[in-house]
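Inspection log for the structure reproduced underneath, given as structure tokens.
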Amino acid sequence: GRRLDVTIAATADELAGAAELVKGKANGLPVAIIRGMAHLVGDLDVPGAQALIRPAADDLFRLGTAEAYAEGFEAALDNCVRCHGRDGMGRSPLTPVIAGQNEAYLVESLRAYAAHERPGGFMSVPAVAADPALWPRLARHFAGQPWPRHPDPPAAAAGRRIAERGVPQRAVPACLSCHDGRRDPAYPRLDGQRRDYLEAQLRLFHAGKRAGTRYAQVMTRAAKGLTE
């Protein structure tokens with residue numbers, strides 16, 4: 001809310017009555033109005049006013065903050081849902097599955113997108129629009145969705161060997177040495193992730209264009225040894 005600088009002349013009795021009236025009528029008002037009233041009541045420069053109506057100001061500000069938090073979360077979630085779906089399964093082959101993804105990884109990704117440290121095209125827009133205080137709750141929502149399980153395609157055998165053993169002669173470590181889902185919550189889960197999305201990310205790492213998150217340099221080195 002924006003602070004309101006005003007000068008008001010009133011008696012203590014009038015101020016006390018106004019405070020009670022405001023408290024009684026606050027429920028259901030738009031958040032911006034509630035927060036504005038809270039600042040207004042709190043900023044009154046009248047002798048004796050603070051002791052009489054400061055509790056009302058505090059109550060109003062808490063009410064406005066709680067409602068703003070709820071409204072802000074729903075708006076931020078709506079932005080996520082446009083591409084990822086409420087279930088986190090994604091709406092296109094190149095949209096990553098974030099259902100069941102590690103919460104710490106999702107928070108770190110939002111931070112990197114919002115700071116423009118991780119290139120993501122339009123992902124920076126909703127990340128910047130969301131209050132950073134909401135990132136953990138957004139991450140928790142999607143982390144709490146069921147992680148998908150897909151049957152392995154026939155061509156998965158070669159990929160499984162790399163995932164389990166790596167390619168030592170090319171300095172490519174085993175994918176599961178980090179991405180087994182148990183090592184570090186900051187590492188993303190990969191099993192069940194979309195093939196097209198994973199391939200696109202590996203190409204970006206290989207080209208040195210995927211950066212910004214805490215362990216991006218590790219993946220950049222690992223992807224350099226991969227070939228078509």
Side-chain angles (χ1 to χ4, degrees), residues 31 66-153 156 159 163 175-176 178-220 222-223 226:
V31 169
E67 292 194 15
Y69 182 80
E71 288 184 7
F73 172 74
E74 289 301 325
L77 183 60
D78 285 345
N79 284 335
C80 300
V81 166
R82 288 190 180 97
C83 294
H84 294 284
R86 187 167 286 268
D87 60 1
M89 292 299 294
R91 299 185 184 278
S92 79
L94 290 176
T95 303
V97 173
I98 57 175
Q101 185 56 271
N102 293 330
E103 185 176 331
Y105 172 75
L106 293 175
V107 172
E108 171 64 12
S109 295
L110 285 170
R111 183 208 63 77
Y113 282 129
H116 303 288
E117 295 174 359
R118 175 176 172 178
F122 48 79
M123 260 306 300
S124 293
V125 176
V128 168
D131 188 328
L134 296 172
W135 294 347
R137 188 176 173 191
L138 291 168
R140 201 173 308 124
H141 167 83
F142 289 108
Q145 305 303 312
W147 182 255
R149 297 290 179 184
H150 301 302
D152 289 343
C175 305
L176 293 177
C178 292
H179 296 286
D180 63 355
R182 298 186 296 272
R183 287 290 301 277
D184 187 327
Y187 298 155
R189 293 182 63 175
L190 301 183
D191 60 311
Q193 186 56 269
R194 296 180 185 278
R195 174 182 173 177
D196 290 344
Y197 172 77
L198 290 176
E199 183 176 342
Q201 296 303 299
L202 286 172
R203 291 180 184 277
L204 289 172
F205 278 123
H206 186 272
K209 296 180 179 179
R210 171 72 160 76
T213 46
R214 196 185 320 170
Y215 300 107
Q217 72 279 5
V218 176
M219 272 304 302
T220 298
L226 294 174

query = How many angstroms lie between atom OH of Tyr113 and atom CD of Glu108, to the nearest 0.5 angstrom?
reply = 11.5 Å

task = Would you name the heavy atoms of Ala76 and Ala130 that are closest together and state the gap between them?
result = CB-CB, 4.0 Å

inquiry  = Checking Arg210 against Thr220 for the side chain to side chain donor-acceptor pair (under 3.5 Å) test, could you report, in this order, the C-alpha distance in whole Å, the side-chain angles of both residues, the deciding distance, and whether it holds?
reply    = CA-CA 8 Å; Arg210 171 72 160 76; Thr220 298; over 6 Å; no

key: Which atom of Pro126 lies closest to which atom of Asn79, heavy atoms considered   = CB-CB, 4.0 Å

key: Arg86 side chain vs Phe142 backbone, donor-acceptor pair below 3.5 Å   = no

task = Identify which one of Phe205, Tyr105, Tyr187 satisfies the ring-ring contact (aromatic ring centres under 6.0 Å, His included) criterion when paired with Tyr215.
result = Tyr187

query = Say you draw a straight line from SG of Cys83 to CG of Leu94; how long is it, rounded to the nearest 0.5 Å?
reply = 11.5 Å

key: From Met89 atom CE to Ile98 atom CD1, the distance as rounded to the nearest 0.5 Å   = 11.0 Å

ask   = For Leu77, does its backbone N or O pair with a side-chain atom of His141 as donor and acceptor, under 3.5 Å?
value = no

Val97 backbone acceptor or donor facing Gln193 side chain under 3.5 Å = yes

message = Quick check against the 3.5 Å criterion: does Arg137 have a side-chain atom that pairs as donor or acceptor with the backbone of Phe73?
response = no

remark   = On a heavy-atom basis, the closest approach of Ala99 and Pro146 is CB-O, 3.5 Å

query = Between Ala143 and Leu106, what is the shortest heavy-atom contact and its length?
reply = N-CD1, 4.2 Å

remark   = Tightest non-hydrogen contact, residues Cys80 and Leu138, listed as SG-CD2, 4.3 Å

task = Mind checking the OG-CG spacing from Ser92 to Asp196? Nearest 0.5 Å is all I need.
result = 9.0 Å

message = One pair to check against side-chain contact (heavy atoms from CB on, under 4.5 Å): Val81 and Arg91. What are the steps and the verdict?
response = CA-CA 9 Å; Val81 166; Arg91 299 185 184 278; 3.6 Å; yes

Sidechain-backbone polar pair: Asp131 side chain, Ala133 backbone, donor-acceptor under 3.5 Å = yes

query = What are the two closest non-hydrogen atoms of Gly100 and Trp147, and how far apart are they?
reply = C-CE3, 3.5 Å

key: Arg118 CZ to Ser124 OG distance, which is reported to the nearest 0.5 Å   = 10.0 Å

task = Dump the intermediate steps for side-chain contact (heavy atoms from CB on, under 4.5 Å) on Gln201 and Met219, then the final yes or no.
result = CA-CA 10 Å; Gln201 296 303 299; Met219 272 304 302; over 6 Å; no

message = So, taking the atom named CG in Leu202 and the one named SG in Cys175, what distance separates them when rounded to the nearest 0.5 Å?
response = 7.5 Å

key: Pro188 side chain near His179 side chain, heavy-atom distance below 4.5 Å   = yes

